[in-house]
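Report on one structure; see the data block that follows.
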Amino acid sequence: MKTILSLAAASLALVAIAEPEPSPIIGVTQISTTNKNTLVAVPFTSLTNSTVALSVKDLVCTNGLENNTWIYVHSGSAYSAWKLTDEGWQAAISATPAQIIEASAAEANQTVNYGTSFWIVLPEAPAAGTPKTFCIYGNATVLPSSPAITAGVNFVANTTQADASLVVSGMVAGDEIVIPQDGTSLRYKYTVPKAGAPAGITAGWKRNGANVGSITIPVGQGFWYIGVDGTKATLSFD
């Protein structure tokens, strides 16, 4: 018995002097939507490693979501799909006529990168005045970089935990920022005045032809940055 106690004491001593593993900063973002189709932000990374992308099935909390809710992740030129069932998120092929996105089955541990976005598609649009609320969660360690913006459709997001003004550098005339909605999406276009234009006309982001002082991206909101040929923009949030 004395030998066992001595070994136990030695083990405790080793534990006491061991360097503790750093704990992740767990972040939770509550998202409220009135849309059936919502483009959702990825403001987190893996809970086991802050520099590693987060698994799709670990990102979206199932509480408050009904079965037959879908996740669609854009990868390259295609989508992969997840479906919510009694067993949780299941990789699935979308074959429902009501779904407007053609997708293939997702890999079991498919990940989504920090700063990007993905679709949540509800079985039905929320009733007027009663938005659907759900949560995403993960490691809230803020990373210094955001996805590179190039020509084509870029799925990006507000990575902060509050509504934030979008700051863009390196934009090119013709670039667009689109916040998708079930109805009319919010669309902004970067324009540059033609040679000989009056001095009062300046380069800037416009919506419906009118200048906008800033573009606010709601918390948890994903959006599209549609770049023209030659676009190499960078994004940040203020």
Side-chain angles (χ1 to χ4, degrees), residues 29-45 53-54 59-60 71-79 100-101 112-122 125 131-132 136 142-194 197 200-238:
T29 300
Q30 180 173 284
I31 297 171
S32 182
T33 182
T34 56
N35 298 315
K36 178 179 179 179
N37 307 278
T38 303
L39 199 57
V40 177
V42 183
F44 305 126
T45 54
L54 184 61
L59 171 63
V60 183
I71 289 175
Y72 291 99
V73 178
H74 188 261
S75 179
S77 59
Y79 286 91
I100 60 173
I101 299 174
V112 280
N113 291 320
Y114 175 87
T116 62
S117 54
F118 62 97
W119 287 105
I120 288 281
V121 180
L122 304 175
K132 169 65 68 176
I136 55 176
V142 177
L143 298 184
S145 60
S146 59
I149 304 299
T150 58
V153 179
N154 300 267
F155 282 68
V156 285
N158 176 1
T159 54
T160 72
Q161 294 303 299
D163 296 353
S165 296
L166 176 63
V167 179
V168 186
S169 59
M171 54 278 196
V172 176
D175 283 1
E176 291 185 278
I177 291 168
V178 181
I179 303 176
Q181 299 180 136
D182 281 356
T184 302
S185 297
L186 301 179
R187 184 178 292 267
Y188 306 86
K189 188 172 185 177
Y190 187 73
T191 62
V192 175
K194 295 180 180 178
I201 299 178
T202 59
W205 293 99
K206 297 180 184 293
R207 184 181 174 213
N208 298 327
N211 289 326
V212 294
S214 63
I215 300 173
T216 299
I217 308 297
V219 60
Q221 176 70 59
F223 60 97
W224 293 321
Y225 192 109
I226 305 175
V228 301
D229 288 344
T231 295
K232 291 183 179 180
T234 57
L235 308 179
S236 60
F237 296 92
D238 191 2

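Remember, predicted model here, so these are calculated numbers, not experimental data. Computation of the quantities below employed the complete heavy-atom set of this structure, encompassing side-chain atoms and omitting hydrogens, waters and symmetry-equivalent molecules.
- Annotation: side chain of Leu54 is not in contact with side chain of Thr45 (no heavy-atom distance under 4.5 Å).
- Here the straight-line distance linking atom OH of Tyr188 with atom CG of Asn211 works out to 13.0 Å at 0.5 Å rounding.
- Here the rule is side-chain contact (heavy atoms from CB on, under 4.5 Å) with Glu176, and of Val153, Val228, Ile226 only Ile226 fits it.
- Proximity of a side-chain donor or acceptor of Asn154 to a complementary backbone N or O of Ile149 within less than 3.5 Å is not detected.
- At least one donor-acceptor pair closer than 3.5 Å links the side chain of Gln221 to the backbone N or O of Leu39.
- In this structure, the side chain of Thr216 does not engage the main chain of Ala164 through any donor-acceptor pair within 3.5 Å.
- Under a 3.5 Å cut-off, the side chain of Thr33 and the backbone N or O of Asn35 do form a donor-acceptor pair.
- Classified by interplanar angle (parallel below 30°, tilted 30° to 60°, perpendicular above 60°), the ring pair Tyr225/Trp205 is perpendicular.
- In this structure, Lys206 places its NZ atom where more than 12 heavy-atom neighbours from other residues, nucleotides or ligands lie under 6.0 Å away.
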Problem set entry | Test log, rule side-chain contact (heavy atoms from CB on, under 4.5 Å), inputs Leu186 and Phe223 | CA-CA 10 Å; Leu186 301 179; Phe223 60 97; over 6 Å; no
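- Minimum interatomic distance between Pro193 and Ala203 (heavy atoms only, all atoms of both residues): CD-N, 3.5 Å.
- Looking at heavy atoms from C-beta onward, Pro43 lies in side-chain contact with Thr29 at the 4.5 angstrom threshold.
- Considering all non-hydrogen atoms of both residues, Ala173 and Val192 come closest at CB-CG2, 3.7 Å.
- Separating the CD1 atom in Ile217 from the OG atom in Ser165 is a distance of 9.0 Å, to the nearest 0.5 Å.
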Exercise. Could you go step by step and tell me if Asp182 and Asn37 meet the side-chain contact (heavy atoms from CB on, under 4.5 Å) rule?
Worked result: CA-CA 6 Å; Asp182 281 356; Asn37 307 278; 3.2 Å; yes
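- Taking 4.5 Å as the limit, every side-chain heavy atom of Ile120 sits out of range of all side-chain heavy atoms of Ile31.
- Across all their heavy atoms, Ile71 and Val73 have their closest contact at CG2-CG2, 3.9 Å.
- Here the CD1 atom belonging to Ile177 is positioned 13.0 Å from the NZ atom belonging to Lys189, to the nearest 0.5 angstrom.
- In terms of heavy atoms, Thr34 sits closest to Pro131 at CG2-CB, 3.8 Å.
- At a threshold of 4.5 Å between non-hydrogen side-chain atoms, the residues Phe155 and Trp224 count as touching.
- Remark: side-chain polar atoms of Asn158 are paired, donor with acceptor, to backbone N or O of Pro218 under 3.5 angstrom.
- To the nearest 0.5 Å, atoms CD1 (Ile215) and CZ (Arg207) are separated by 10.0 Å.
- Going from atom OH of Tyr114 over to atom OG1 of Thr159 covers 3.5 Å, rounded to the nearest 0.5 Å.
- The closest donor-acceptor contact from the side chain of Ser185 to the backbone of Arg187 lies at 3.5 Å or more, if one exists at all.
- Between Leu166 and Phe237, the closest side-chain pair of non-hydrogen atoms falls below 4.5 Å.
- With a 4.5 Å cut-off on side-chain heavy atoms, Thr231 and Thr150 do not count as touching.
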